[in-house]
Number of protein chains: 2
Amino acid sequence: MARKTAQISIRDVAEAAQVSVATVSNVVRSRKNVSDAVRARVNDAIRTLNYLPDRAAMQLREGRNRIIGVLVPSLDNPFFTAIIACLEECARKDGYDIIVGSAGEEPAYGSSRLKALLSWRPAGMIILPNDDYFADASILDATSIPYVVLDRLPHSCMADTVAVENEQSAAEAAAYLASLGHRRILVVATTLSLANIRERCAGIIAFCAQAGLPVPQVLEVGHHAEEGPAALTEMLTGRNIPTAIIALTNSITLGALRCLYQSGCNVPDDVSLVGYDDYAWMRATQPPITAIRQPVEEMGVQSWSRLMHRIAGESTAPMQVRLPCTLAVRGSTAPPKTGKMS
Amino acid sequence: MARKTAQISIRDVAEAAQVSVATVSNVVRSRKNVSDAVRARVNDAIRTLNYLPDRAAMQLREGRNRIIGVLVPSLDNPFFTAIIACLEECARKDGYDIIVGSAGEEPAYGSSRLKALLSWRPAGMIILPNDDYFADASILDATSIPYVVLDRLPHSCMADTVAVENEQSAAEAAAYLASLGHRRILVVATTLSLANIRERCAGIIAFCAQAGLPVPQVLEVGHHAEEGPAALTEMLTGRNIPTAIIALTNSITLGALRCLYQSGCNVPDDVSLVGYDDYAWMRATQPPITAIRQPVEEMGVQSWSRLMHRIAGESTAPMQVRLPCTLAVRGSTAPPKTGKMS
DNA sequence: TTTCCCACGTTAAACGTTTAACGCGGGAGA
DNA sequence: TCTCCCGCGTTAAACGTTTAACGTGGGAAA
């Protein structure tokens with residue numbers, strides 16, 4: 001009978017099957033030849049005792065285990081959870097487990113979450129930094145653990161990185177709006193202290209400059225913008241409102257939509273809206289939202305693949321992967337009503 | 001200098017600080033009095049070597065560690081990720097780490113994910129089952145690990161459970177629709193093989209019976225309904241369409257909205273819509289969606305608290321916690337246009 | 001019959017911690 | 001001066017695995 005109090009260990013199984021612990025291990029890991037009779041006895045014992053190997057012990061013995069640490073800024077953002085879901089799928093396929101930590105959007109906790117993750121002695125890490133100074137890099141570089149930086153790129157980094165083509169995708173959205181006849185574009189951002197956001201801004205500004213459009217206005221509204229930031233509502237109820245808005249993240253897209261709704265602006269008749277990320281709800285609004293679709297799945301797969309290569313010992317120079325976004329044109333964008341210009 | 005190849009251990013620190021490993025441990029865990037001079041030496045060594053204790057070894061030594069396993073059906077559903085975010089917050093406060101596994105909405109993998117989680121020897125588990133037979137219960141009961149079942153309740157269960165008042169909340173939504181004058185209500189569900197969904201249906205049906213309304217129609221559309229299930233579109237383009245829809249999950253709410261949009265039904269003029277769960281996007285649609293708000297945060301907190309009590313040794317009979325939902329009335333519900341009845 | 005080898009099992013060490021038990025030196029009380 | 005105790009550190013065992021090294025018994029080749 002299994003003891004209820006303590007976990008049953010390989011020793012209990014060995015005892016029950018009348019063999020040594022080494023033999024049990026050999027059966028479980030199928031490492032050495034074990035006679036059929038003994039194997040059967042061991043398997044029986046495992047089943048009746050409900051034996052499960054202890055990962056901590058395995059890991060301790062083997063030095064490094066099949067664990068990947070994933071550090072994200074937040075678990076409340078569908079963009080991050082989608083990536084996690086994708087990484088989890090990759091991990092399952094390759095026989096890894098992932099451990100997820102959330103560091104918070106503001107770099108407040110400092111590196112405590114990273115350290116917690118590292119204390120698992122993971123075989124590798126995938127990091128989505130919450131700022132682009134990425135002080136954590138020094139901690140990671142002090143270990144020999146390979147890691148991949150995803151989505152938000154730090155200023156400088158000795159590791160593989162995977163990100164989307166922020167400038168190009170944002171410029172493409174601006175170009176599309178320009179082709180519809182828009183000239184006054186408002187860019188709504190979380191914060192310009194994030195490199196990917198800055199790149200998106202830069203893409204739009206560069207396009208406008210090149211196309212002879214006025215310099216677009218940029219509004220920073222912070223990370224918690226789902227409920228519709230007051231600053232934007234104010235701007236939309238004022239005079240000389242923009243004819244098009246580009247929202248640089250999914251939460252901003254949502255917030256912008258609420259502001260437009262609150263301030264009585266009609267989409268797309270009064271103001272056109274283009275949002276980053278593409279979620280199901282954007283296709284269920286009326287009108288559906290024109291979206292810059294980030295290749296979330298591809299980001300997960302690529303970063304996983306990079307990490308696996310590094311774990312396998314690849315020692316080439318760090319690679320910088322950039323993935324293209326696609327613009328999904330829907331009903332929230334239309335030519336501006338010329339009447340409202342003057 | 002730290003060896004680059006292997007992780008630095010407590011022994012390296014001891015060597016660098018010229019003390020025994022026990023002393024290092026005592027400094028790190030501040031267990032016994034250590035003189036200031038020695039403490040300083042040790043802390044210096046820790047800092048220069050970038051020492052991080054190895055969780056696997058700690059856990060092995062201590063038998064059971066501050067880990068909670070969380071098993072959810074899917075990481076693609078914001079309801080589950082919101083709960084995870086909340087549990088993570090609780091865990092951080094109490095000095096625990098959580099390890100998340102996703103089992104898939106269909107009970108296909110069987111119990112392999114659960115076993116993977118259990119092999120971490122967690123101090124406790126929080127489970128959101130993916131079916132209500134909950135075969136995993138036997139595996140869990142075979143261990144001495146306390147666990148809490150959340151959201152979807154199995155047929156019978158010897159553990160603490162936390163769920164919402166499904167019947168009452170659904171009945172309340174039906175009652176509200178009835179008070180507006182609706183008589184033909186369509187219930188759209190993922191699958192009736194889930195207890196919480198069945199309870200919601202039952203609540204609506206019971207109310208209709210009691211209020212003398214016709215028996216509401218129930219449509220099962222499966223788990224991946226965000227894109228708008230064809231069966232629903234078909235029903236909405238037919239004759240004798242319902243005047244109100246109650247969508248029993250967030251994905252169904254989204255899917256229903258798309259179907260309504262596709263089939264040219266106006267919300268709320270042609271059809272009223274009430275949806276389960278309340279996310280930011282539901283307030284950004286036009287009209288905003290009337291929602292049955294599940295107390296996600298409270299579910300997380302309550303289940304965490306139950307688990308902590310059990311871990312602390314509480315051995316009373318299993319408790320069944322039920323939390324109330326609130327109906328947030330918004331623009332997607334209105335009295336039916338009587339003209340369309342005939 | 002002797003020798004060798006092979007197939008199958010076992011022994012024991014090691015992984016990095018924690019902690020009970022022990023040692024030791026010096027100050028205080030007798 | 002002798003004893004005792006207390007504060008500070010160390011030693012060593014233990015946690016559950018894996019695996020290299022080591023029996024051991026029997027069959028085949030000589």
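Naming convention: chains lettered A, B, ... in sequence-line order (proteins, then strands); numbering from 1 in each chain.
- In this structure, the nucleotide among C:dT10, D:dT17, C:dG16 sitting nearest to the side chain of B:Leu60 is C:dG16.
- In this structure, the nucleotide among D:dT17, C:dT17, D:dG9 sitting nearest to the side chain of A:Arg121 is C:dT17.
- One interatomic measurement links the two molecules: CG of B:Asp12 to P of C:dC15, which rounds to 11 Å at whole-angstrom precision.
- Listed nucleotides C:dT17, D:dG9, C:dG9 differ in distance to B:Val38; the shortest reach to its side chain belongs to D:dG9.
- Here the nucleotide nearest the side chain of B:Asn26, chosen from D:dC15, C:dG16, D:dT10, is D:dT10.
- Counting only heavy atoms from C-beta on, B:Ser9 has its side chain closest to C:dT17 among C:dT17, D:dG9, C:dG9.
- Between A:Leu118 atom CG and C:dG16 atom P there is a gap of 16 Å when expressed in whole angstrom units.
- In the set D:dT10, C:dT10, D:dG16, D:dG16 carries the atom at the smallest distance from any side-chain atom of A:Asp54.
- Distances shorter than 4.0 Å separate none of the side-chain N or O atoms of B:Ser35 from OP1 or OP2 on D:dG7.
- Between B:Arg39 atom CZ and D:dC8 atom P the separation is 9 Å, expressed in whole Å.
- Between B:Arg29 atom CZ and C:dG16 atom P the separation is 17 Å, expressed in whole Å.
- The phosphate of D:dC8 (OP1 or OP2) has a side-chain N or O of B:Asn33 nearer than 4.0 angstrom.
- Contact check on A:Asp44 versus A:Arg41 returns no salt bridge, with no Lys/Arg side-chain nitrogen under 4.0 Å from an Asp/Glu carboxylate oxygen.
- Picking from D:dT17, C:dT10, C:dT17 the nucleotide with the shortest atom distance to the side chain of A:Tyr51 gives D:dT17.
- Computed from coordinates, the A:Arg31 CZ to D:dA20 P distance equals 9 Å when rounded to whole Å.
- Put simply, A:Ser25 has no side-chain N or O that comes within less than 4.0 Å of OP1 or OP2 on D:dT19.
- The one candidate from B:Val72, B:Leu114, B:Val148, B:Asp136 that meets the side chain to side chain contact (heavy atoms under 4.5 Å, CB included) condition with B:Ile127 is B:Leu114.
- Here C:dG16 presents its P atom at 18 Å from CE of A:Met58, a figure rounded to the nearest Å.
- Regarding A:Lys32, its NZ atom lies at a distance of 10 Å from the C1' atom of C:dA7, rounded to whole Å.
- B:Arg55 places its CZ atom 13 Å from the P atom of C:dT17, with the value rounded to the nearest Å.
- Between A:Met299 and A:Phe79 the shortest side-chain heavy-atom distance falls below 4.5 Å.
- With a 6.0 Å radius and a threshold of 12 heavy atoms from other residues, nucleotides or ligands, A:Glu62 has its CD atom above the threshold.
- Applying the salt bridge (Lys or Arg N to Asp or Glu O under 4.0 Å) rule to B:Asp94 yields no partners; only residues at least two apart in sequence or on another chain are considered.
- Counting any heavy atom pair closer than 4.0 Å across all strands shown, A:Arg11 reaches a base atom.
- A salt bridge links B:Arg113 and A:Asp97; the closest N-O separation between the charged side-chain nitrogens and carboxylate oxygens is under 4.0 Å.
- Between D:dT10 and B:Thr23, a contact under 4.0 Å exists linking OP1 or OP2 to a side-chain N or O.
- If you check C:dT10, C:dG16, C:dT19 against the side chain of B:Ala22, the one that comes closest is C:dT19.
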